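Keep in mind that the numbers below use all heavy atoms, side chains included, and drop hydrogens, waters and symmetry copies. Everything numeric in this text was worked out from a predicted model, so none of it was measured. Atoms within each ligand, like the ligands themselves, are counted from 1 in listed order.
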Amino acid sequence: MNAASPAGAGTLDRRAVVATLLRDPAELLVVTGLGSSTYDAAAAGDRPLNFYIWGAMGSAAMVGLGLALAQPTRRVLVITGDGEMLMGLGALATIAVARPPNLAIVVLDNASYAETGAQATHTAGGVDLAAVAAACGWPATATARTMAEVDRLAPRLRAEPLFAVVKIAPGMAPRALPPRDGAFLQHRFRMALGLDPID
Ligand SMILES: Cc1ncc(C[n+]2csc(CCOP(=O)(O)OP(=O)(O)O)c2C)c(N)n1
Ligand SMILES: [Mg+2]
């Protein structure tokens, strides 16, 4: 960690982390939080089964829960930021109680709101999101600080109801913008699921 890095951040390259997590995604349903995690998923390869949440900060985990309950035979992976997760912290309790076996969440924790100018989040102040999830009753939690640990997390995130924090470096990666039209994204996603796009 260099002198400018907030406490609670890490050193991993967010693009390398997400590229690893989304390698050969097959039928994985991917929900991303607003801003940087959406760009990361787009940089790894835009696909119809990615559902980007361009706004609605704090809702990524609950969108993931809804999908996991509605599509119990499919795997759902939520990829979001620490600021976004902190805004919807109650979701960790709701998901732990609902116990969907097919939902995993990974938080890219840079201890800051990178997208809006790197203001410190509460993970910089000592909040441990994996410990919060464990206290809520999530069956498995993990924190990764090295790419070797990310490599080990990747298959688990597609097989277990796992809540994982990955400590990434602060700072922005170059923007990689997927489609932004919400109606288009929703229709594309539903069609990829084999559903009527507008039901
Ligand atoms: C309700 C609401 N508040 C604030 C914002 C502004 N905003 C957009 S992205 C973002 C930061 C997100 O931080 P984090 O989830 O940690 O992602 P990072 O960019 O650090 O990866 C903020 C504050 C917003 N879009 N909506
Ligand atoms: Mg952040």
Check: T38 side chain, L34 main-chain N or O, donor-acceptor pair, under 3.5 Å: no
The Mg ion (ligand 2): protein N, O or S atoms that are less than 2.8 Å away, sorted by chain: D82 OD1, N110 OD1, S112 O
In one Ile/Leu/Val/Met/Phe/Trp/Tyr side-chain cluster, 4.5 Å: V166, L77: yes
Identify each donor-acceptor pair in which a side-chain atom of residues 55-73 lies under 3.5 Å from a protein atom, sequence neighbours left out, and give them as a table.
unit_1, atom_1, unit_2, atom_2, d
S59, OG, A56, O, 2.7
Q71, OE1, R74, NE, 3.1

I79 vs D40 side-chain heavy atoms within contact, under 4.5 Å: no
M57, portion touching ligand 1 at heavy-atom distance under 4.0 Å: side chain
Heavy-atom donor-acceptor pair, E149 side chain to T146 backbone, under 3.5 Å: yes
More than 12 heavy atoms from other groups under 6.0 Å of CG on D181: yes
Subset of ligand 1 atoms that lie under 4.0 Å from at least one heavy atom of E84: 14 (P), 15 (O)
Where ligand 1 meets S112 - atom numbers and elements under 4.0 angstrom, heavy-atom basis: 16 (O), 20 (O)
Where ligand 1 meets L34 - atom numbers and elements under 4.0 angstrom, heavy-atom basis: 8 (C), 9 (S), 24 (C), 25 (N)
K167 (side chain) donor-acceptor with T11 (main chain) under 3.5 angstrom: no
Electrostatic pair R175:E115 at N-O distance under 4.0 angstrom: yes
Under 3.5 Å: donor-acceptor pair, side chain of R15, backbone of P174: yes
Minimum-distance protein heavy atom relative to atom 17 (O) of ligand 1: G81 CA, 4.1 Å
Part of R14 with heavy atoms under 4.0 Å of ligand 1, whether side chain, backbone, both or neither: side chain
Atoms of ligand 1, numbered as shown, that sit under 4.0 Å from any heavy atom of N110: 18 (P), 20 (O), 21 (O)
T121, any N or O under 3.5 Å of ligand 1 N or O: no
Hydrophobic cluster (4.5 angstrom, side-chain heavy atoms) - remaining members for M191: none
Any N/O pair S37/ligand 1 closer than 3.5 Å: no
Within-cut-off N or O pair, G83 and ligand 1, under 3.5 Å: yes
G35, S36, G33: member with heavy atom nearest to atom 19 (O) of ligand 1: S36
Short side-chain to backbone donor-acceptor contact, D82 and A111, under 3.5 Å: yes
Nitrogen or oxygen atoms of Y113 and ligand 1 under 3.5 Å apart: no
Interatomic spacing from CZ in R47 to CZ in R188 - rounded to 0.5 Å: 9.5 Å
Residue and atom name of the nearest protein heavy atom (relative to atom 9 (S) of ligand 1), distance in Å to one decimal: E115 CG, 3.4 Å
For D82, atoms of ligand 1 separated by under 4.0 Å from a heavy atom: 15 (O), 16 (O)
Nearest neighbour of atom 7 (N) of ligand 1 from the list T38, I168, V107, T116, on a heavy-atom basis: T116
CG-CG distance between L185 and D46, expressed to the nearest 0.5 angstrom: 8.0 Å
Per-atom contacts of ligand 1 with A114, taking only distances under 4.0 Å to non-hydrogen atoms: 18 (P), 19 (O), 20 (O)
Residue pairs fulfilling ring-ring contact (aromatic ring centres under 6.0 Å, His included) with at least one residue in residues 152-199, sequence neighbours excluded: F51-F189, W138-F163
